[in-house]
Amino acid sequence: MSMRLIRGGAVISMPVDTPNPLAGSVLSILVAARELSLSVTETHLVGLLYLTDVAAVEAGHPAITGATWRLGRRGPYDPALTRAQDYVVDSELAERGDEESSDAEAGVLSLTMDVDDPLDPEAMNFVRTVVALHGGKDTVALRSVVDGTVPMVEAQAGGEFGVLLDLSRARRRRQAAALLTRARARRASVPPERDDDGVGAILKQEFLQARDALRRANAKALDDR
């Protein structure tokens, strides 16, 4: 896979699988954020990448970013993403800005040049959707969304930091929700059941007949003692 860069009017083709395979995923978030004029801190970047993988898996696709997500004390993480960020900055594809940010834990990352989509169109659709939905959230709100995903909920319930996050659980939740929706739709389409006319009187008569028969049987049993 390669990526075209436009620098000084010249188009440059640059591989993003090597030496850092996550560079394309990092750049994809920055491309989508630039299109919406959104700032992306390093902390936001990780959350948005994680939510992109969750969104893809929920939709029945493989994870997109290539990250190996683990449970950290501040959310999902993969140490390789730090190296990927350093790579795109050292390669002068992006820079860490000094502008003020609501996220005191990390600087703002931004592209230094126009970059073609670094991932395939389907992957970029997921990236753009996630950035549009969550890219404008502050750190606390974004963390709340991340912590509410099924893989994070289950991992946090175990209470062991460093464990791998099972993204397939997100797909199972979506499948279960789809089955529940279909079941509710079927139930709503079935007309309500109605009793036949006179069924109450018939049931009452059957009960009275059975009660009389039971009374006679009990009397006979007592007489035979």
Side-chain angles (χ1 to χ4, degrees), residues 1 3 16-18 20-33 35-36 38 40-85 87-88 109 117-185:
M1 180 174 63
M3 172 184 62
V16 294
D17 339 317
T18 55
N20 195 303
L22 295 178
S25 297
V26 170
L27 289 170
S28 71
I29 298 292
L30 299 183
V31 167
E35 293 170 351
L36 298 174
L38 296 174
V40 177
T41 68
E42 293 173 280
T43 302
H44 272 70
L45 176 70
V46 175
L48 293 172
L49 287 169
Y50 168 77
L51 290 176
T52 298
D53 276 344
V54 170
V57 172
E58 281 187 342
H61 298 273
I64 288 171
T65 69
T68 301
W69 297 109
R70 294 181 179 274
L71 176 64
R73 296 186 181 277
R74 292 185 294 181
Y77 80 99
D78 180 349
L81 284 172
T82 300
R83 296 191 292 274
Q85 293 174 53
Y87 172 72
V88 298
L109 287 171
D117 288 354
L119 304 180
D120 63 73
E122 187 174 50
M124 287 302 302
N125 283 338
F126 282 109
V127 171
R128 287 187 167 99
T129 298
V130 167
V131 172
L133 286 173
H134 307 297
K137 290 181 168 66
D138 61 28
T139 304
V140 174
L142 182 62
R143 175 68 183 272
S144 177
V145 174
V146 168
D147 285 349
T149 61
V150 173
M152 282 292 291
V153 170
E154 293 191 346
Q156 289 172 332
E160 184 178 350
F161 293 111
V163 297
L164 287 172
L165 299 179
D166 184 2
L167 296 188
S168 68
R169 302 295 294 180
R171 180 180 303 155
R172 293 168 202 164
R173 182 187 70 167
R174 186 182 180 90
Q175 291 170 342
L179 288 173
L180 181 59
T181 299
R182 287 200 295 270
R184 287 173 175 169

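Because only heavy atoms are used, hydrogens play no part in the values below, and waters and symmetry mates are left out as well, while side chains stay in.
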So, for L119 and I64, which heavy atoms are closest and what is the spacing to 0.1 Å?
-> CD1-CG2, 3.9 Å
Determine the minimum heavy-atom distance between L22 and A67, stating which atoms define it.
-> CD2-N, 3.6 Å
How many angstroms lie between atom CZ of R74 and atom OG1 of T139, to the nearest 0.5 angstrom?
-> 10.5 Å
Rounded distance [0.5 Å steps], CG in L71 versus CD in E160 = 9.0 Å
Where the side chain of D166 meets the backbone of S168, is there a donor-acceptor pair that is under 3.5 Å apart?
-> yes
Test item: Y50 and L167 side chains (from C-beta on) under 4.5 Å apart, heavy atoms | yes
For the side chain of S144 and the backbone of V140, is there at least one donor-acceptor N/O pair under 3.5 Å apart?
-> no
Hey, mind stepping through V163 and E154 against side chain to side chain contact (heavy atoms under 4.5 Å, CB included) and telling me if it holds?
-> CA-CA 11 Å; V163 297; E154 293 191 346; over 6 Å; no
Give the intermediate values and the outcome of side chain to side chain contact (heavy atoms under 4.5 Å, CB included) for residues L109 and E42.
-> CA-CA 7 Å; L109 287 171; E42 293 173 280; 3.8 Å; yes
Below 4.5 Å, heavy atoms only, C-beta onward: do I29 and T52 meet side chain to side chain?
-> yes
pair V146-V46: side-chain heavy atoms closer than 4.5 Å = no
State whether the side chain of H44 and the backbone N or O of K137 hold a donor-acceptor pair below 3.5 Å, judged by distance alone.
-> yes
Here the pair of heavy atoms bringing V127 nearest to A32 is CG1-CB, 4.0 Å
For the residue pair A23 and Y87, what are the closest heavy atoms and their distance?
-> CB-CD2, 3.6 Å
If you look at every heavy atom in A56 and F126, which pair is closest and at what distance?
-> CA-CE2, 3.8 Å
Please tell me if the side chains of L48 and H134 come closer than 4.5 Å, counting only heavy atoms from C-beta onward.
-> yes
Audit row: L81, L45, side chain to side chain contact (heavy atoms under 4.5 Å, CB included) steps and yes/no = CA-CA 9 Å; L81 284 172; L45 176 70; over 6 Å; no
Indicate the atoms forming the closest heavy-atom contact of L49 with W69, along with that distance.
-> C-CZ2, 3.8 Å
dist D53:CG -> H61:NE2 (nearest 0.5 Å) comes out at 13.0 Å
Check whether any side-chain heavy atom of M124 sits under 4.5 Å from a side-chain heavy atom of P118, and report yes or no.
-> yes
Looking at V31, L30, L38, which one forms a side-chain contact (heavy atoms from CB on, under 4.5 Å) with V131?
-> L38
With no hydrogens and no angle check, is any side-chain donor or acceptor of D78 less than 3.5 Å from a backbone partner on T68?
-> yes
